[in-house]
J.: 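Questions regarding the structure given below will be posed in turn.
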There are 2 protein chains.
Amino acid sequence: MNVWDRPEPPTRPAPLDRERIVAAAIALADQGGLEAVSLRKVAARLDAGPMRLYGYISTKEELFDLMVDEVYAEILPEEQPGDWREVLCTLAHRTRQATLRHEWLADLLGGRPTLGPNALAVTEVTLAALDGLADLDTVMRAVETVSAYFTGAIRREIANLRAERATGLSKRDWQRASGPHVTRMLATGRFPALAKAVHDGTEVDAEVSFATGLDWVLDAVAAKLARPPT
Amino acid sequence: MNVWDRPEPPTRPAPLDRERIVAAAIALADQGGLEAVSLRKVAARLDAGPMRLYGYISTKEELFDLMVDEVYAEILPEEQPGDWREVLCTLAHRTRQATLRHEWLADLLGGRPTLGPNALAVTEVTLAALDGLADLDTVMRAVETVSAYFTGAIRREIANLRAERATGLSKRDWQRASGPHVTRMLATGRFPALAKAVHDGTEVDAEVSFATGLDWVLDAVAAKLARPPT
DNA sequence: TTTTATTGCAATACAGTGTATCTACATGAG
DNA sequence: CTCATGTAGATACACTGTATTGCAATAAAA
């Protein structure tokens with residue numbers, strides 16, 4: 001047996017770590033959605049057997065949590081400005097942008113408490129920006145209200161975007177013309193206000209709609225912060 | 001072969017319809033969560049083979065849509081009061097109550113456009129209540145902002161509730177004492193504002209927190225409806 | 001009434017999933 | 001060189017959603 005026939009020394013498998021696993025999972029999710037993430041595919045992408053992963057994560061849910069926290073690293077603004085309103089506003093917009101980059105995040109947003117280090121860091125700068133502006137209960141209420149808004153708004157935006165993509169039609173065109181079921185329902189005359197809205201509504205840019213609602217909510221928060229609770 | 005040995009005339013299977021299928025699926029989800037809903041189990045509950053369902057449903061996603069719309073029937077208030085604010089407020093609270101009855105709804109809320117007949121009916125009474133108070137764009141923004149808020153808030157509430165249930169600890173106790181990871185992070189001193197919040201925060205009832213945030217958002221909407229857009 | 005066609009249910013089948021268990025081998029110590 | 005140990009990998013299991021096939025009972029036709 002000469003040198004060439006001798007089998008390669010069995011290549012010790014490349015060492016794995018959570019970072020690489022999470023990165024592979026995110027890559028899969030970015031291009032195929034969350035349901036394209038299977039432990040087998042993630043492992044394959046790292047030239048490993050599926051069971052290898054269980055040395056670094058204990059369940060698939062945990063992998064999802066890690067993916068979310070990784071995106072929070074993108075969300076955390078590098079240098080935060082002073083004004084509390086600006087902090088909340090950029091937090092909302094950065095979360096939205098991150099979700100547009102990683103649409104699968106919409107499926108996870110708000111689904112579980114976010115306790116990873118990056119998520120905690122985001123919470124920290126947010127709370128820090130509001131610290132002292134009112135009693136702690138009010139501050140918490142403010143943060144939670146704003147984040148409830150943008151979480152819900154982002155999810156809806158992605159949901160609509162997917163629906164449009166699936167039908168190949170813009171929302172209004174589809175509601176008005178093609179949507180077979182909806183059109184029939186509207187034609188029944190049982191939904192006059194809705195019909196009018198669909199008919200007269202103008203298509204608004206998703207970002208300005210998001211920003212507008214956000215401004216309203218921030219206005220409300222500002223009012224409450226100004227005069228601490230009754 | 002006597003009469004008793006003679007096999008029963010092959011019992012024609014009980015006729016199926018979407019209603020019964022959806023009801024069975026909801027029953028399963030109510031007691032085991034969304035991931036307890038499998039087509040096989042739903043079918044078994046109706047003494048049918050899995051494939052029977054495909055005569056009434058074309059995919060599992062569609063079943064989920066039907067389940068959601070069924071819950072919207074519970075959400076639709078029987079007789080709506082006049083005031084727009086009251087309509088939006090009760091819509092929010094009824095959605096929350098329905099989600100507390102059917103926790104799985106939290107996983108689906110906002111995940112896809114809601115176009116079932118009951119959901120459309122809910123949208124109809126909502127739009128009707130706001131009709132004429134401002135131009136259509138503003139009205140839409142109002143509805144979407146409020147529903148983004150309560151959607152996000154409900155999801156977070158359920159997420160926390162599940163976490164508490166899983167650890168058997170209240171949120172604050174758990175953050176403060178047990179949560180192994182979080183405690184360590186807080187101890188690093190890198191999150192002073194967060195640490196203070198966890199330390200000084202008082203446990204607030206989920207419903208009042210929901211209602212408070214909702215009131216803030218409704219205040220904001222009221223202000224915008226009063227003076228149509230710039 | 002007998003034969004054919006049609007319908008709709010059920011069984012089987014397939015490709016995939018998350019995860020538990022078991023086996024074998026490469027590496028460390030003695 | 002031998003042995004213990006830990007870890008990578010193979011195998012296995014119980015499921016999943018859904019496509020396809022076959023069958024049996026009814027409706028239609030002769």
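No hydrogens, no waters, no symmetry mates; every other heavy atom, side chains included, goes into these values. Each chain gets a letter, A, B and so on, in the order its sequence line appears, and its residues count up from 1. Since we're looking at a predicted model, the values are computed, not measured.
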J.: Starting from P on D:dA8, measure out to CG on A:Asp17 and report it in whole angstrom.
T.: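 My rounded result for the distance is 13 Å.
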
J.: Please report, rounded to the nearest Å, how far the C1' atom of D:dG17 is from the CD atom of B:Glu35.
T.: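 Those two atoms, CD and C1', are 16 Å apart.
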
J.: Taking only the side-chain heavy atoms of B:Lys41 (C-beta and beyond), determine which of D:dG17, D:dT16, C:dG18 contains the nearest atom.
T.: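 Closest of the options to the side chain of B:Lys41: D:dT16.
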
J.: For A:Glu103, check side-chain hydrogen bond (donor to acceptor under 3.5 Å, both in side chains) against everything at least two apart and list the hits.
T.: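 Only A:Arg165 meet the side-chain hydrogen bond (donor to acceptor under 3.5 Å, both in side chains) criterion with A:Glu103.
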
J.: Among residues 56-70 of chain A, which residues get a heavy atom nearer than 4.0 Å to DNA chain C?
T.: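 Within this stretch, A:Thr59, A:Lys60 sit under 4.0 Å of the strand.
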
J.: So, is A:Arg52 near the phosphate of D:dG9, with a side-chain N or O under 4.0 Å from OP1 or OP2?
T.: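 Looking at the OP1 and OP2 atoms of D:dG9, one of them is under 4.0 Å from a side-chain N or O of A:Arg52.
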
J.: Given C:dT21, D:dT20, C:dG18, identify the nucleotide with an atom nearest to the side chain of B:Met51.
T.: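 Nearest nucleotide to the side chain: D:dT20.
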
J.: For A:Val42, answer base if it contacts any base atom (sugar-phosphate contacts may also be present), sugar-phosphate if it contacts only those atoms, and nothing otherwise; contact means non-hydrogen atoms under 4.0 Å.
T.: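 It contacts nothing in the nucleic acid.
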
J.: So, using salt bridge (Lys or Arg N to Asp or Glu O under 4.0 Å) as the criterion, who are the partners of A:Glu62 when residues are at least two apart?
T.: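 With neighbours one apart ignored, the set is A:Arg18.
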
J.: Partners of B:Thr188 by side-chain hydrogen bond (donor to acceptor under 3.5 Å, both in side chains), sequence neighbours excluded?
T.: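 Residues passing side-chain hydrogen bond (donor to acceptor under 3.5 Å, both in side chains) with B:Thr188: none at all.
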
J.: Please state how far atom OH in B:Tyr54 lies from atom P in D:dG17, giving the value in whole angstrom units.
T.: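 So the two atoms are 7 Å apart, to the nearest Å.
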
J.: Cut-off 3.5 Å, no hydrogens considered: what does the side-chain donor-acceptor table look like for residues 108-122 of chain A, sequence neighbours left out?
T.:
{"residue": "A:Arg112", "atom": "NE", "partner": "A:Asp65", "partner atom": "OD1", "Å": "2.9"}
{"residue": "A:Arg112", "atom": "NE", "partner": "A:Asp65", "partner atom": "OD2", "Å": "3.3"}
{"residue": "A:Arg112", "atom": "NH1", "partner": "A:Glu61", "partner atom": "OE1", "Å": "2.4"}
{"residue": "A:Arg112", "atom": "NH2", "partner": "A:Asp65", "partner atom": "OD2", "Å": "3.1"}
{"residue": "A:Asn118", "atom": "ND2", "partner": "A:Asp69", "partner atom": "O", "Å": "3.0"}
{"residue": "A:Asn118", "atom": "ND2", "partner": "A:Asp69", "partner atom": "OD2", "Å": "3.3"}

J.: Which whole-number value in Å describes the distance from A:Leu39 CG to D:dT16 C1'?
T.: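 It works out to 15 Å between those atoms.
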
J.: Suppose we screen for side-chain hydrogen bond (donor to acceptor under 3.5 Å, both in side chains). Which residues come up paired with B:Arg96, at least two apart in sequence or across chains?
T.: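 Residues passing side-chain hydrogen bond (donor to acceptor under 3.5 Å, both in side chains) with B:Arg96: B:Glu157.
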
J.: Can you tell me whether the side chain of A:Arg40 and the base of C:dG18 have a donor-acceptor pair closer than 3.5 Å?
T.: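 Such a pair is found, so the answer is yes.
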
J.: Would you mind reporting whether A:Phe150 and A:Val217 have side-chain heavy atoms less than 4.5 Å apart?
T.: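 The answer is no, as the side chains (C-beta and beyond) never meet within the 4.5 Å cut-off.
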
J.: Compare the minimum distances between each of C:dT19, C:dA10, D:dG17 and the side chain of A:Pro50, then state the nucleotide with the smallest one.
T.: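 Minimum distance to the A:Pro50 side chain belongs to C:dT19.
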
J.: Measure from CG on A:Leu16 to C1' on D:dT7 and round the result to the nearest Å.
T.: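 Taking atom C1' of D:dT7 as the reference, CG of A:Leu16 is at 13 Å.
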
